[in-house]
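Any value given below was found using the heavy atoms of this structure, including those in side chains, with hydrogens, waters and symmetry copies removed.
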Amino acid sequence: MKVIDRKKEIIINAAGKNMSPANIESAIKGESSLIGCVVTIGDGRRYNTALVTLDPEAARNHAKDLGLEGKTFDELATAPEIRAIVEAAVARGNQRLSRVEQIKKFALLAVAWLPDSDELTPTLKLKRRPIAEKYAAEIEALYAE
């Protein structure tokens, strides 16, 4: 027996499948140093989506490699070159997950989540409920058909 995540953080989708968001998030985050944080959304929904943030330090390094030096963090988060790298990382991470766990859509946020903020605890754990409330519009846009 192996404990993967907190019981209260288990995602139960619309079809009744139980999934560990930490397992999904680590599969995606582990595919690129550019990804800072990943939050999986899917409780009571037909499929999983994610909110993704960039790692500020890695974003600066990738900006140099891509010829995007001098751009602000917000501009980097919306740059098509950076989005392509994150899309490829999500696709690679999805290959390591079962079909029901895979991220179908994601939103790349132009913010960096810092410890002891609205999004993270001082020990870098995700505050899922405040994130869901703060980014409700982005989450609903991911599920809009």
Side-chain angles (χ1 to χ4, degrees), residues 2-6 8-14 17 19-145:
K2 183 171 136 185
V3 176
I4 295 177
D5 203 359
R6 296 177 180 180
K8 65 182 179 180
E9 291 187 353
I10 297 295
I11 292 174
I12 303 172
N13 70 4
K17 290 285 189 180
M19 297 169 272
S20 165
N23 185 38
I24 297 167
E25 293 157 2
S26 66
I28 302 299
K29 188 175 177 180
E31 291 299 325
S32 176
S33 62
L34 185 58
I35 297 174
C37 292
V38 178
V39 179
T40 305
I41 312 294
D43 203 24
R45 311 270 188 155
R46 292 177 307 165
Y47 54 87
N48 290 334
T49 60
L51 299 176
V52 179
T53 64
L54 298 177
D55 180 273
E57 189 66 35
R60 280 193 291 278
N61 293 337
H62 280 274
K64 289 177 188 173
D65 296 342
L66 297 170
L68 300 173
E69 289 180 87
K71 293 204 177 217
T72 65
F73 186 76
D74 292 349
E75 291 171 331
L76 289 176
T78 58
E81 300 91 342
I82 298 291
R83 176 137 183 119
I85 293 170
V86 174
E87 282 178 4
V90 170
R92 286 191 306 273
N94 277 342
Q95 291 175 351
R96 297 176 23 201
L97 299 168
S98 69
R99 185 169 176 81
V100 72
E101 291 177 314
Q102 293 180 356
I103 301 297
K104 304 295 183 218
K105 297 179 183 178
F106 70 92
L108 186 56
L109 304 176
V111 293
W113 292 345
L114 303 172
D116 203 15
S117 65
D118 291 343
E119 295 88 4
L120 297 176
T121 67
T123 57
L124 302 178
K125 291 183 183 82
L126 295 167
K127 295 180 182 177
R128 294 184 188 280
R129 188 168 294 128
I131 290 171
E133 291 169 3
K134 185 173 183 178
Y135 297 99
E138 289 86 347
I139 293 168
E140 290 308 314
L142 291 171
Y143 286 101
E145 297 278 332

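- Contacts classified as ring pair (Phe, Tyr, Trp, His ring centres under 6.0 Å) and involving residues 64-99 (residues at least two apart or in different chains) are not found.
- Of the possible polar contacts, one joining the K105 side chain to the L142 backbone as a donor-acceptor pair under 3.5 Å is found.
- K17 contributes no side-chain N or O that, together with a main-chain N or O of I12, makes up a donor-acceptor pair within less than 3.5 Å.
- Note that R46 lies outside the cation-pi zone of Y143, set by a 6.0 Å cut-off to the ring centre and a 45° limit from the axis.
- The minimum heavy-atom distance linking R92 with S32 is given by the pair NH2-CB, 4.5 Å.
- N94 places a side-chain heavy atom less than 4.5 Å from the side chain of I28.
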Original post:
Between V86 and L54, does a side-chain contact (heavy atoms from CB on, under 4.5 Å) hold up when you go through it step by step?
Top reply: CA-CA 9 Å; V86 174; L54 298 177; 4.0 Å; yes
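- Considering all non-hydrogen atoms of both residues, S33 and D55 come closest at O-CB, 3.7 Å.
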**OP:** Let me see the working for Y135 and V39 under side-chain contact (heavy atoms from CB on, under 4.5 Å), right down to the final yes or no.
**Re:** CA-CA 11 Å; Y135 297 99; V39 179; over 6 Å; no
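- The CZ atom of F106 sits 8.0 Å away from atom CD1 of I35, with the distance rounded to the nearest 0.5 Å.
- Taken to the nearest 0.5 Å, the NE2 atom of H62 stands 11.0 Å off from the CD atom of E57.
- For E101, the side-chain hydrogen bond (donor to acceptor under 3.5 Å, both in side chains) partners two or more places apart in sequence, or in a different chain, are S98.
- D118 CG to E133 CD: the interatomic distance, rounded to the nearest 0.5 Å, is 10.5 Å.
- Checking side-chain atoms of K127 against main-chain N and O of S117 turns up a donor-acceptor pair under 3.5 Å.
- The structure places CD1 of I85 at 4.5 Å from CG of L66, a figure rounded to the nearest 0.5 Å.
- One finds the CG atom of D74 at 11.0 Å from the CG atom of L109 (value rounded to the nearest 0.5 Å).
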**OP:** Apply side-chain contact (heavy atoms from CB on, under 4.5 Å) to I82 and L68, showing your working.
**Re:** CA-CA 10 Å; I82 298 291; L68 300 173; 4.3 Å; yes
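- Across all their heavy atoms, S20 and I10 have their closest contact at CA-CD1, 4.2 Å.
- If you take CG on L51 and CG on L126, they are separated by 10.0 Å, rounding to the nearest 0.5 Å.
- Closest approach of L76 to A63, counting heavy atoms only: CD2-CB, 3.7 Å.
- Heavy atoms only, all atoms of each residue included: L108 and A77 are closest at CD2-O, 3.3 Å.
- Looking at K134 and P130, their side chains never come closer than 4.5 Å, going by heavy atoms from C-beta outward.
- Here the closest non-hydrogen pair linking M19 and N48 is SD-ND2, 3.3 Å.
- Under a 3.5 Å cut-off, the side chain of E31 and the backbone N or O of A88 do not form any donor-acceptor pair.
- With respect to the salt-bridge test (charged N to carboxylate O, under 4.0 angstrom), the residues R45 and E140 qualify.
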